[in-house]
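Some notes on the structure that comes next.
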Amino acid sequence: MSQPRQSPARSIAAHAVLILWTLIALFPVFVTVVNSFKSKQAIFTQPLALPGPDSFDLVGYQTVARQGDFVAYFQNSLVVTCLSLFFVLLFGAMAAFALSEYRFRGNTLMGLYLALGIMIPIRLGTVAILQMMVATGLVNTLTALVLVYTAQGLPLAVFILSEFMRNVSDDLKNAGRIDGLSEYRIFFRLVLPLVRPAMATVAVFTMIPIWNDLWFPLILAPSESTKTITLGSQVFLGQFVSNWNAVLAALSLAILPVLVLYLIFSRQLIRGITAGAVK
């Protein structure tokens, strides 16, 4: 039996809503990037205008290159984000495989316990986290940020990946066991390649909060040698005077890794989000 075709009016309305939402979401990015190439006077007098011959100015990028160790901030953010993503994806996928594949006492309870991490903001435990980092001597180290971000990203990773791994064919995994593959080889060779869209989805949703976070770098790693790019951008904001050219230039440069990640994983991300929508 043929499926009923969607009416043109509903299709046009849906696309119009999506386009409107896209424009609203991209508007802050557009304003930030455009104004980073303008003089301070043009930023306040014509914030929505494109840079012209009279308003074009690279003073913000020059200030970023001259003041503050922007390259070190960028490297710190890159190291923290990459290591956190690696551990979240590795441990999250392993935990999800165990919860979806093996039946043991407390399986459901363990899944619910991990799901609580999605409902309860990790920032509520900031004082306890700071006390633990002080006791272990990890304050003003990138290790502290990696540990916190890994713990922050694991609940969502386990929740998403376990649902995808339950849909992996049992016949495929049993065939691997018959061929003599260990559980680790079944996990890495058979299961992980089949859940790449879900892994990409988790990577994107995990990276953005880590890259943009200001709270934990400010509390756990505020020293000059461990500042992240988001925290490092605050050096241009003062109590009485703020260098908005430099702030917008630093934020524009900080947007680039997120855009690159999306361009790389966009197809996998869309597949991961829409998987299961059509049977």
Could you identify which residues cluster with Ile24, counting Ile, Leu, Val, Met, Phe, Trp and Tyr as linked when any side-chain heavy atoms lie under 4.5 Å apart, either directly or through a chain of such contacts? Leu20

Heavy-atom pair with the smallest gap, counting every atom of [X] and [Y]:
| X | Y | value |
| --- | --- | --- |
| Leu172 | Leu190 | O-CD1, 3.9 Å |
| Leu231 | Lys227 | CD2-CG, 3.8 Å |
| Ala96 | Ser162 | CB-N, 3.4 Å |
| Ala250 | Val64 | N-CG2, 4.0 Å |
| Ser252 | Thr32 | OG-O, 3.5 Å |
| Pro222 | Thr226 | N-OG1, 4.3 Å |

Any side-chain heavy-atom pair from [X] and [Y] closer than 4.5 angstrom?
| X | Y | value |
| --- | --- | --- |
| Thr230 | Pro217 | no |
| Phe164 | Arg196 | no |
| Leu130 | Leu220 | yes |
| Phe30 | Leu50 | yes |
| Leu48 | Phe27 | yes |
| Val71 | Gln75 | yes |

Assess the side chains of [X] and [Y]: does a donor N or O sit below 3.5 Å from an acceptor N or O?
| X | Y | value |
| --- | --- | --- |
| Trp211 | Ser77 | no |
| Thr81 | Ser84 | no |
| Tyr73 | Thr228 | no |

For [X] and [Y], indicate whether the former's side chain and the latter's backbone hold a donor-acceptor pair under 3.5 Å.
| X | Y | value |
| --- | --- | --- |
| Thr150 | Val146 | yes |
| Asn245 | Ser36 | no |
| Thr63 | Ala246 | no |
| Arg185 | Ser182 | no |
| Asp57 | Val59 | yes |

[atom1]-[atom2] distance between [X] and [Y], expressed to the nearest 0.5 angstrom:
| X | Y | atom1 | atom2 | value |
| --- | --- | --- | --- | --- |
| Lys38 | Thr45 | NZ | OG1 | 7.0 Å |
| Glu163 | Leu99 | CD | CG | 10.5 Å |
| Leu90 | Met199 | CG | CE | 8.0 Å |
| Leu142 | Asn76 | CG | CG | 5.0 Å |
| Met94 | Leu161 | CE | CG | 12.5 Å |
| Trp215 | Ile219 | CH2 | CD1 | 4.5 Å |

When you group the ILVMFWY residues by side-chain heavy-atom contacts below 4.5 Å and let the links chain together, are [Y] and [X] in the same group?
| X | Y | answer |
| --- | --- | --- |
| Trp21 | Leu18 | no |
| Val247 | Leu214 | no |
| Leu256 | Met207 | yes |
| Phe97 | Phe86 | yes |
| Ile208 | Ile255 | yes |

Please walk me through it: do Phe216 and Met133 pass side-chain contact (heavy atoms from CB on, under 4.5 Å)? CA-CA 12 Å; Phe216 285 113; Met133 296 305 172; over 6 Å; no

Using side-chain contact (heavy atoms from CB on, under 4.5 Å), reason through Tyr61 and Leu253 one step at a time and then give a plain yes or no. CA-CA 9 Å; Tyr61 292 94; Leu253 293 173; 4.0 Å; yes

For Phe37 and Phe56, take the angle between the two ring planes, folded into 0 to 90°, and tell me which bin it lands in: parallel under 30, tilted 30 to 60, perpendicular over 60. parallel

Evaluate side-chain contact (heavy atoms from CB on, under 4.5 Å) for Phe70 paired with Ile229, printing each intermediate quantity in order. CA-CA 7 Å; Phe70 185 82; Ile229 191 170; 3.5 Å; yes

In terms of heavy-atom contacts, does [atom1] of [X] have more than 12 from other residues, nucleotides or ligands at under 6.0 Å?
| X | atom1 | value |
| --- | --- | --- |
| Arg166 | CZ | yes |
| Gln41 | CD | no |
| Tyr102 | OH | yes |

I need the full list of side chain to side chain donor-acceptor pair (under 3.5 Å) pairs touching residues 88-101, with sequence neighbours left out, sorted by first then second residue. Glu101-Lys173, Glu101-Arg177

So, for Phe87 and Tyr149, is the gap between ring centers shorter than 6.0 Å? no

After noting the C-alpha distance and the side-chain angles of Val88 and Leu85, does the key distance pass the side-chain contact (heavy atoms from CB on, under 4.5 Å) rule? CA-CA 5 Å; Val88 167; Leu85 274 181; 5.5 Å; no

Is the shortest side-chain N to carboxylate O distance from Arg123 to Asp213 below 4.0 Å? yes

